[in-house]
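Below is one structure; the comments refer to it alone.
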Amino acid sequence: MALFIFDLSSSLQLSWLSWVLAGLAGFIIGVSKAGIKGISIMVVTLMAMVFGGKASTGIILPLLLVGDVFAVIYYHRYTEWHHLKRLLPAMMLGVVIGAWIGKDLPERVFKQMMAAIILATVAMMYWWDRQKNKQVPNHWWFAIMMGLMAGFTTMIGNLAGAFTNLFFLAMRLPKNNFIGTAAWLFLLINLFKLPFHIFAWQTITLDTVSLDVRLVPLVLLGLLTGVRLVRKINERYYRKLILILTGIGAIVILLK
């Protein structure tokens, strides 16, 4: 059961607090897609609290695609295609595995899996931030492992960021090349996920798209804000706050 009562047959039944949380999630999607890494994990937590586990994944996906299109247009000149080609095939396989495993999972089990992935991702990000010597492997098996994990987690909970970030860090990409390559990767993988959400999971419907249309302006506002913040923000403190809030949110999801 979601934290707030929501009937997909009528998005107008959202409470004002649900609209605030969903709008905040849309804004964070925009900020994240503009290049502010590490905050998109909050989107999954907020949306799952409002709409439930599996339903939230289908609501988030079209909003992610809006951000992806912007990111590709803005950062496309920095894309390094050879790195993308190494990660994409394994990531697509991970999506297929995630779609198969998640298709018939009961909502309670799906939420538990999502919460576990969120908490594991938070722990992984926290551990990585504390490493003084941030050397990561650059081998063929590393690309396959990161791709499979990223594909599986993006299908189950739109949570591929931690794994793709590690991969691109291993490639030692400059900031803009990092953002530009990741922009194309997520546009392609999110398009690849669409049929699974529409036909297999049925988490994207006319009703969810109608809801997404109302949230798109906040995604655009987040994109404009993120472009201005990407050169100014001090990542050290905001990432710690994001990890703490996200961890708390995951526990709330797990206990509901």
Side-chain angles (χ1 to χ4, degrees), residues 32-33 35 37-41 43-45 53 57 60-61 64 68 71 78-103 105 109-110 112-175 177-197 200-201 239 242-243 246-247 250:
S32 174
K33 292 297 183 180
K37 300 299 180 184
I39 62 173
S40 58
I41 192 172
V43 174
V44 179
T45 305
T57 62
I60 292 172
L61 184 55
L64 292 176
D68 290 330
Y78 299 108
T79 304
E80 296 194 14
W81 290 98
H82 57 288
H83 291 314
L84 190 150
K85 292 175 182 177
R86 291 181 61 194
L87 191 63
L88 189 59
M91 198 168 174
M92 293 172 72
L93 178 59
V95 167
V96 173
I97 295 172
W100 175 66
I101 291 177
K103 182 178 184 298
L105 280 181
V109 177
F110 193 97
Q112 290 173 345
M113 180 180 291
M114 177 181 284
I117 291 174
I118 293 173
L119 290 172
T121 303
V122 166
M124 180 178 175
M125 293 171 66
Y126 177 76
W127 170 82
W128 178 255
D129 284 346
R130 290 180 62 86
Q131 297 302 302
K132 294 181 180 179
N133 183 18
K134 297 189 176 183
Q135 291 186 352
V136 288
N138 183 13
H139 304 291
W140 62 269
W141 58 264
F142 181 70
I144 293 175
M145 182 177 68
M146 289 297 101
L148 286 172
M149 291 301 299
F152 179 81
T153 53
T154 195
M155 189 65 207
I156 295 296
N158 295 300
L159 286 165
F163 299 100
T164 56
N165 289 353
L166 267 182
F167 176 79
F168 289 132
L169 285 170
M171 301 303 104
R172 294 171 173 80
L173 296 182
K175 181 178 70 173
N177 300 70
F178 185 122
I179 298 171
T181 307
W184 265 110
L185 175 68
F186 281 107
L187 175 61
L188 294 174
I189 208 67
N190 284 332
L191 287 172
F192 181 71
K193 286 159 53 180
L194 268 178
F196 295 102
H197 278 283
W201 286 11
R239 281 177 65 84
I242 294 303
L243 292 178
T246 301

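Side chains included, hydrogens not; waters and symmetry mates left out as well; all remaining heavy atoms used.
A side-chain donor-acceptor contact under 3.5 Å links Thr79 to the backbone of Gly180. Side-chain atoms of Lys193 do not come within 3.5 Å of backbone N or O of Asn158 as any donor-acceptor pair. The main-chain N or O of Trp81 is never found under 3.5 Å from a side-chain atom of Trp184 such that the two would form a donor-acceptor pair. Panel note: side chain Thr181, backbone Leu84; no donor-acceptor pair is recorded below 3.5 Å.
Scanning all heavy atoms of the two residues, the minimum distance from Phe196 to Ala99 falls at CD2-CB, 3.6 Å. Contact detail for Gly98 and Met155: the closest heavy-atom pair is C-CG, 3.8 Å. Summarising the geometry of Phe186 relative to Met91, their closest heavy-atom pair is CE2-CE, 4.0 Å, with the distance given to 0.1 Å. Residues Thr164 and Leu87 approach most closely at CG2-CD2, 4.0 Å, considering heavy atoms.
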In sequence, state the C-alpha distance, the side-chain angles, and the governing distance for Phe192 and Val96, and then conclude on side chain to side chain contact (heavy atoms under 4.5 Å, CB included).
-> CA-CA 10 Å; Phe192 181 71; Val96 173; 4.0 Å; yes
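At a threshold of 4.5 Å between non-hydrogen side-chain atoms, the residues Phe110 and Thr57 count as touching. Residues His83 and Glu80 have side chains in contact (heavy-atom distance under 4.5 Å, counting atoms from C-beta outward). Looking only at side-chain heavy atoms (C-beta outward), Lys33 and Leu64 come within less than 4.5 Å of each other. In this structure, Phe152 and Ile117 have side chains that are in contact, with non-hydrogen atoms separated by less than 4.5 Å.
Ile156 contributes atom CD1, which lies 6.5 Å from atom CD1 of Ile101 (distance to the nearest 0.5 angstrom).
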Listing, residues 143-150 side-chain donor-acceptor contacts under 3.5 Å, not counting sequence neighbours, or none:
none

